[in-house]
Every structure is written in C-alpha cells, then in structure tokens.
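First comes the structure, then the notes that go with it.
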Amino acid sequence: MGRREFEGIVADAVDEVPAPFAAALAHVAIVVEDEDPDDPDLYGVYHGAPLSEPDARHGALPPRIAIYMRPLVEDFPDRDELREEIRITVLHEIGHHLGMDERHLDDLGYG
C-alpha cells in the first residue's frame, strides 16, 4: 500500500469521528509517519497535554497524533482489517487527547 492511500484511510477515520469528539480536534495535528523510532511496533501515539489537564497545556507544544504506517500495514494485510485497525488507533489516540487512560480505552473497545 502506498502512503497516499494510507493517508486517505487515516483521513477517512478522522472524518468519521462523532461530532462531539471531532470538535476537540480543532487544534490537533494528525500525521502519518513510517514508524515510532523508540517503539517500531507501535501503531500510534498522542503527544501533548490532554484536555482533562488544562493547566498542563500552558506553554506546551500543540497536541499531535502520529499514526504509524509500517507496523499497521505489516500486521493487517487485509484492507478491511487495516481500515478497522486504523479507525481504532485514531479513536484510541483521540481518547488520550480527551484525557482517557488505557483502561477506559480498553473498556470502550479501543485498546
């Protein structure tokens, strides 16, 4: 799969975020990168201060979500499964932006 197609799937996943949560993404950069340099098996990561900690945002860099192409494409060769895992990964990282921890995300099915 090419990068442009992968980025299109990520964009589709972002476009499908329910309206109440999509509004929280107004100032969040969502980028596609090849892989995390520290953990090459990671599917995505949220960098930033969660909305649940407003004091932590003062002076912090703008929030950013990275979705990692290589591990996702390698682990999910079926296009439908890949599309679903990208959707879950995007929602998982948005959850971190909203202040959810891993347990809460697991309970929602986005673990």
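Using modelled atom types and a 3.5 Å distance limit, the side chains of Asp75 and Tyr43 yield a donor-acceptor pair.
Between Val14 and Val90 there is a side-chain heavy-atom pair separated by less than 4.5 Å. The closest side-chain heavy-atom distance from Pro63 to His47 is not below 4.5 Å.
Note that the CD atom of Glu85 and the CZ atom of Phe76 stand 3.5 Å from one another [nearest 0.5 Å]. Here the OG1-CG distance, from Thr89 to Leu72, works out to 5.0 Å after rounding to the nearest 0.5 Å. To the nearest 0.5 Å, the span separating CE on Met69 from CG on Leu82 amounts to 9.0 Å.
Val73 and Val45 are members of different hydrophobic clusters when ILVMFWY side chains are connected at heavy-atom separations under 4.5 Å. Taking hydrophobic clusters as Ile, Leu, Val, Met, Phe, Trp and Tyr residues chained together by side-chain heavy-atom distances below 4.5 Å, Tyr68 does not share a cluster with Met1.
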(request) Give the C-alpha distance, both sets of side-chain angles, the deciding distance and a yes or no for side chain to side chain contact (heavy atoms under 4.5 Å, CB included) between Glu84 and Asp80. (result) CA-CA 6 Å; Glu84 177 62 11; Asp80 292 335; over 6 Å; no

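Heavy atoms only, all atoms of each residue included: Pro71 and Leu42 are closest at CG-O, 3.2 Å.
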Side chains of residues 3-10: which donor-acceptor partners sit under 3.5 Å, not counting sequence neighbours?
from	atom 1	to	atom 2	distance (Å)
Arg3	NE	Glu7	OE2	3.2
Arg3	NH1	Asp34	OD1	3.0
Arg3	NH2	Val32	O	2.3
Glu5	OE1	Arg79	NH1	3.1
Glu5	OE2	Arg79	NH1	2.9

N/O donor-acceptor pairs under 3.5 Å from side chains in residues 91-98, not counting sequence neighbours:
from	atom 1	to	atom 2	distance (Å)
His92	ND1	Tyr110	O	2.5
His92	NE2	His96	NE2	3.0
His92	NE2	Glu102	OE1	3.4
His92	NE2	Glu102	OE2	3.4
Glu93	OE1	Tyr46	N	3.1
His96	ND1	Met100	O	3.1
His96	NE2	Glu102	OE2	2.8
His97	ND1	Tyr46	OH	2.8
His97	NE2	Ala24	O	3.0

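In this structure a side-chain-to-backbone donor-acceptor pair under 3.5 Å is missing from Arg83 to Asp78.
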